[in-house]
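Letters go in sequence order (proteins before strands), and every chain restarts at 1.
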Amino acid sequence: MNTILTVENVCKNYGNFTALNNVSISVPKGSVFGLLGPNGAGKTSLIRIINQITLQDSGNIFLDGEPLKPQHVHQIGYLPEERGLYKSMKVGEQALYLAQLKGLSKSDAKKKLKYWFEKFEISDWWDKKIQELSKGMAQKVQFIVTVMHAPKLLIFDEPFSGFDPINANLIKDEILKLRDDGASIIFSTHRMESVEELCDYIALINKSNKILDGKLSEIKQEFKTNQFEVGLISTEKEQLLNKLNEHYKTEKSVNPQLDDELRLIVTLNNGDTSKDLIRFLNNKAQLNHFTEIIPSANDIFLKAVANNG
Amino acid sequence: MDKLKLIIKREFLAKVKNKSFIVMTVLSPLLMVGLMMLIIFLNQKNSEEVRTVAFVDESNLLASVFTDSNSTKYIDLTALGIEEARKQTEGHYYGVLYIPKSDSLVNLSKGIAFYSEDTPSLNLLSSIENKLEKKIRNLKIEQLHFDVDKIKATETTVQIETENFIGEKSSKIGSVLRMVTGGGFGYLIFMFIIIYGTSVMRSVIEEKTSRIIEIIISSVKPFQLMLGKILGNALAGVLQFIIWMISAGLLLFAITYIFGIEAASSGSAMGQMNPEMIQQVQSSSASELQLALQEIKNLPILTMFFSFIIYFIGGYLIYSSIYAAIGAAVDSETDTQQFMMPVLMPLIIAIYVGFSVIENPHGPIALGFSLFPLTSPIVMLMRIPFGVPWWQILTSMLLLIITFIAIVWFAAKIYRVGILMYGKKPTYKELYKWLKY
């Protein structure tokens with residue numbers, strides 16, 4: 001069994017509005033799984049169904065091979081996008097309360113909380129009320145509350161909002177550490193640079209439908225456009241460009257170029273390989289730069305959503 | 001089950017540790033006792049005050065009725081004439097009563113006037129009127145050459161003793177007792193529902209606005225959370241009421257013990273009655289008191305107690321789950337108004353109907369509203385002391401329980417959808433749609 005979570009053909013309607021239409025995903029164990037999509041695509045609906053906050057209209061969900069049951073909430077940690085804590089309750093008290101709701105015994109919860117509070121160097125906040133803390137401080141408490149019961153599956157919805165860059169990094173490292181310790185992580189965000197950094201797998205949801213999923217590296221391969229950025233040293237740039245244009249589709253690169261360099265983005269002809277292109281270019285001029293253009297997560301996102309209409 | 005306990009505990013502690021709760025709990029009995037003492041004090045002050053009333057009796061027939069009492073002294077200024085008497089009275093006496101000269105007894109009652117600085121006390125006026133009426137009547141009787149004493153002998157006081165078919169005696173004091181106990185229980189439920197229902201609603205809104213709600217319901221079912229909230233608040237309320245009862249009882253006991261106010265105030269109450277009334281009260285009070293004691297024994301105390309518990313729980317659960325649903329449907333307390341009216345309506349109607357129930361405890365209105373589940377917790381409790389057939393109580397309770405289940409089900413549905421909805425103020429139509437999600 002190497003998937004922690006399997007979602008099969010899940011549909012969810014709110015009145016006449018379809019929030020999820022036959023969505024299936026599977027999250028491999030020990031991975032960071034990016035759940036991506038524009039606003040209102042249905043990400044939060046799916047996450048709420050996984051957390052059993054709402055029920056799907058149809059479809060099945062399996063956690064670690066078992067059909068999802070109420071007691072599974074103890075094995076899931078969830079950091080919602082809309083998050084907060086009781087304002088007038090003491091930090092320690094409410095962390096204990098939330099830990100107990102996740103099925104920990106009181107003494108166990110205390111031990112675990114002590115560990116996390118020390119790790120984040122916030123032990124002296126125990127008796128403070130949330131309203132005395134800054135937003136970033138409250139977010140730290142929130143993160144601890146999400147992970148303290150060592151769940152198998154962690155779901156983070158926009159985890160970095162509200163953190164300054166230093167603390168965002170701290171949280172990112174913690175997320176990766178949790179993954180290395182065996183937890184599987186679903187990570188929902190719009191911030192594509194964090195997808196590049198964190199995700200092993202992604203699924204893209206748009207307008208209630210899943211339009212793309214798989215290993216990030218494979219998806220990137222798939223979305224390759226057979227374009228290469230090349231740099232050619234030549235004294236007669238115009239002539240060279242004209243010759244190239246006879247055989248290949250080219251466009252100017254946005255990257256800076258050296259004085260005597262022609263920097264271009266060249267699209268391979270159908271049936272050609274990169275070898276053919278290198279041979280061709282080598283015959284024409286001195287080749288000093290050659291890289292394949294790999295689409296970023298952002299490009300993939302935009303392209304997939306645009307294709308989906 | 002464990003989680004429900006955790007939630008109840010948290011809600012209870014959150015409520016009880018709240019500063020306003022502590023202040024309310026401690027201050028209320030003090031305020032209540034303080035207010036009572038103030039009333040008693042003012043009453044005493046009032047009755048200590050002696051009014052001097054001047055009179056000018058130009059008819060020379062009525063002066064004999066003006067005998068001094070504890071609170072009123074009379075001064076005869078007939079010799080001065082009314083104009084002079086008015087001048088003399090101003091600033092010195094409470095007022096001056098003017099009885100004009102009259103040619104016959106028939107016209108004697110006409111033109112009697114009272115001049116005073118402020119509007120005179122109604123009590124004083126009616127007491128004077130009473131005296132004059134009696135005197136003039138006696139004068140008329142004498143004029144007709146009837147024997148006043150003989151006519152007096154014909155006066156009769158009738159006191160109807162009531163008794164039901166099983167042979168239990170009842171009395172007016174008894175019905176007052178029923179009114180007070182029934183009304184008290186009904187009112188208690190009314191207050192409790194409003195105070196703690198609102199508190200449930202606030203607590204739901206707080207969870208929504210602080211956005212902790214989604215974290216909590218990823219661990220527990222929304223229904224568990226709602227139920228825990230309702231029960232936790234109820235426990236806090238029961239605790240508050242118990243503290244109030246005990247402390248108010250203790251304080252009252254201490255105060256009556258220390259100041260002996262009870263004796264003083266009952267003495268002054270006697271002082272305000274006229275002698276005849278006192279006589280009447282004294283002659284009847286012994287038997288009335290016995291009857292009243294009998295009445296207390298006759299009250300269906302056990303039925304009242306158990307039905308209080310059932311109606312209290314049922315009524316509170318129905319209303320507090322509606323309050324919870326309202327709290328879930330809105331984003332802030334200011335948005336609650338449009339939903340509050342329909343909730344408060346039946347409660348207020350129930351209290352009003354309660355008054356008419358006391359007049360006619362077995363009429364169709366009383367029956368109808370004591371069966372209707374949104375008003376029955378209040379109206380039926382007001383009726384029970386007057387004796388209600390078993391089938392009515394059972395039907396009413398059955399309806400209450402069915403409604404309770406239905407309403408909690410509906411409220412839970414609205415609650416579970418509402419707590420995750422932010423931004424727009426919902427309409428009734430939308431709430432109806434939520435039921436189908």
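Using modelled atom types and a 3.5 Å distance limit, the side chains of A:Tyr78 and B:Glu214 yield a donor-acceptor pair.
Under a cut-off of 6.0 angstrom, the local environment of CZ in B:Phe21 is crowded, with over 12 non-hydrogen atoms contributed by other residues, nucleotides or ligands. Enclosure of atom NZ in A:Lys119 by more than 12 non-hydrogen atoms of other residues, nucleotides or ligands within 6.0 angstrom is indicated. In the displayed structure, A:Lys110 atom NZ is contacted under 6.0 Å by at most 12 heavy atoms of other residues, nucleotides or ligands. The 12-atom threshold is exceeded at CD of A:Gln71, counting heavy atoms of other residues, nucleotides or ligands nearer than 6.0 Å. Other residues, nucleotides and ligands contribute over 12 non-hydrogen atoms within 6.0 Å of the OH atom of B:Tyr428. The number of heavy-atom neighbours closer than 6.0 Å to NZ of A:Lys128, taken from other residues, nucleotides and ligands shown, is above 12. Surrounding NZ of A:Lys69 are more than 12 heavy atoms belonging to other residues, nucleotides or ligands, all under 6.0 Å away. The local environment of CE in B:Met36 is sparse, with at most 12 non-hydrogen atoms from other residues, nucleotides or ligands closer than 6.0 Å.
Looking at B:Ile213, neither its backbone nor its side chain comes within 4.5 Å of chain A, counting heavy atoms on both sides.
Of the residues considered (B:Ile7, B:Thr209, B:Leu420, B:Ile216), B:Leu420 shows the highest number of contacts with chain A, using heavy-atom pairs under 4.5 Å. Highest contact tally toward chain B, considering only A:Lys87, A:Gln94, A:Gln52, is held by A:Lys87 [criterion: heavy-atom pairs under 4.5 Å]. Ranked by heavy-atom pairs shorter than 4.5 Å toward chain A, the options B:Ser210, B:Pro222, B:Ala14 are led by B:Ser210. Chain B forms the most heavy-atom pairs under 4.5 Å with one residue out of A:Leu55, A:Val73, A:Ile130, A:Thr146, and that residue is A:Val73.
When side chains are defined from C-beta on, A:Glu82 counts as touching B:Arg211, because their heavy atoms get closer than 4.5 Å.
Contact record, B:Ser218 with A:Lys102: O-NZ, 3.3 Å, taken as the closest heavy-atom pair. The shortest non-hydrogen separation linking A:Tyr97 to B:Leu6 is CE1-O, 3.7 Å. Nearest heavy-atom pair, B:Ile215 versus A:Gln142, reported as atom, atom and distance to 0.1 Å: CD1-NE2, 2.8 Å. Closest heavy-atom contact between A:Lys106 and B:Lys9: NZ-NZ, 4.3 Å.
Atom CD of residue B:Glu206 and atom OG of residue A:Ser88 lie 5.0 Å apart, to the nearest 0.5 angstrom.
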